[in-house]
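A short write-up of the structure that comes next.
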Amino acid sequence: MAKLSTDELLSVFEELTLIELSEFVKAFEEKFDVTAAAPAAVAVAGAPAAGGGEEAAEEQSEFDVILEGAGDKKIQVIKEVRALTSLGLKEAKDLVDGAPKPVLEGVDKDAAEKAKEALEGAGASVTLK
């Protein structure tokens, strides 16, 4: 099987419908046991902005979970960051050490509240934006 370049892959993806692309992402996630949550959140975050500002002004539907500080239980906070994201140990530690930093971006209110509770339960200080 010939190896495709990034540009060739992008040209193939351009020809797919959104449903076909969604099915591909699901199959990719299952095959490689990964989650494409962050890129999907970015794509979803861009859609309302293009739709019009009136709906966004009524009620915020997407939130960013910002880690303000790790507190006394830094190891527990790192564990929670890893559980909430697909980051490795080093990346999660760097995120916690570099606070304030976003842990999750463009998530719905329920997911943001759950993440905030989990991080605060581990001893971190968190804000939602």
Side-chain angles (χ1 to χ4, degrees):
M1 184 167 146
K3 184 175 180 180
L4 297 175
S5 71
T6 303
D7 291 333
E8 291 170 329
L9 283 171
L10 288 174
S11 68
V12 170
F13 289 139
E14 284 177 339
E15 296 174 10
L16 296 176
T17 65
L18 287 177
I19 294 172
E20 292 170 332
L21 188 58
S22 174
E23 290 171 355
F24 169 78
V25 170
K26 288 177 187 175
F28 186 90
E29 289 174 342
E30 289 175 13
K31 170 87 174 170
F32 296 102
D33 195 27
V34 294
T35 303
V42 171
V44 171
E54 294 178 13
E55 293 178 15
E58 290 178 14
E59 183 178 338
Q60 183 176 355
S61 62
E62 294 181 352
F63 295 84
D64 294 342
V65 180
I66 311 294
L67 176 69
E68 297 295 334
D72 296 335
K73 300 176 182 177
K74 184 174 165 182
I75 294 173
Q76 289 300 109
V77 174
I78 292 171
K79 287 181 181 179
E80 286 300 326
V81 168
R82 290 192 67 205
L84 293 169
T85 64
S86 60
L87 296 176
L89 180 60
K90 182 181 181 335
E91 292 84 3
K93 181 183 180 303
D94 291 344
L95 187 145
V96 171
D97 287 342
K101 289 217 174 176
V103 177
L104 298 172
E105 295 179 311
V107 296
D108 63 22
K109 186 173 183 175
D110 292 336
E113 289 292 334
K114 287 179 184 178
K116 182 178 179 184
E117 288 175 19
L119 289 166
E120 286 179 342
S125 57
V126 180
T127 58
L128 298 179
K129 291 188 178 184

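What you see below is based on every heavy atom in this structure, not just the backbone, and it leaves out hydrogens, waters and symmetry mates.
- Under the side chain to side chain contact (heavy atoms under 4.5 Å, CB included) criterion, A124 pairs with L67, V77, L119, V126, not counting sequence neighbours.
- Residues meeting the side chain to side chain contact (heavy atoms under 4.5 Å, CB included) test with Q76, sequence neighbours left out: K73, K79, A122.
- When every heavy atom of G106 is checked against every heavy atom of D64, the shortest pair comes out as N-OD1, 2.9 Å.
- Nearest heavy atoms, A111 versus V107: CB-CB, 4.1 Å.
- A92 and R82 make their closest contact through CB-CG, 3.3 Å (heavy atoms, listed as atom of the first residue, atom of the second, distance).
- The shortest distance between side-chain heavy atoms of L128 and V65 falls below 4.5 Å.
- Applying the side chain to side chain contact (heavy atoms under 4.5 Å, CB included) rule to A118 yields the partners E80; only residues at least two apart in sequence or on another chain are considered.
- A distance of 12.0 Å separates CD1 of I66 from NZ of K116, quoted to the nearest 0.5 Å.
- Scored by the side chain to side chain contact (heavy atoms under 4.5 Å, CB included) test, K74 finds A70, I78, K93, V96, D97 as partners (sequence neighbours excluded).
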Name every donor-acceptor pair, under 3.5 Å, that has one atom in a side chain of residues 10-24 and the other anywhere in the protein, sequence neighbours excluded.
from: S11; atom 1: OG; to: E8; atom 2: O; distance (Å): 2.7
from: T17; atom 1: OG1; to: E20; atom 2: N; distance (Å): 3.2
from: T17; atom 1: OG1; to: E20; atom 2: OE1; distance (Å): 3.4
from: E20; atom 1: OE1; to: T17; atom 2: N; distance (Å): 2.9

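- To the nearest 0.5 Å, atom OG1 of residue T127 and atom CD of residue E120 are 9.5 Å apart.
- Residues satisfying the salt bridge (Lys or Arg N to Asp or Glu O under 4.0 Å) test with K90, not counting sequence neighbours, are D94.
- By the rule that hydrophobic residues join a cluster once side-chain heavy atoms approach within less than 4.5 Å of another member, V81 and I75 end up as members of separate clusters.
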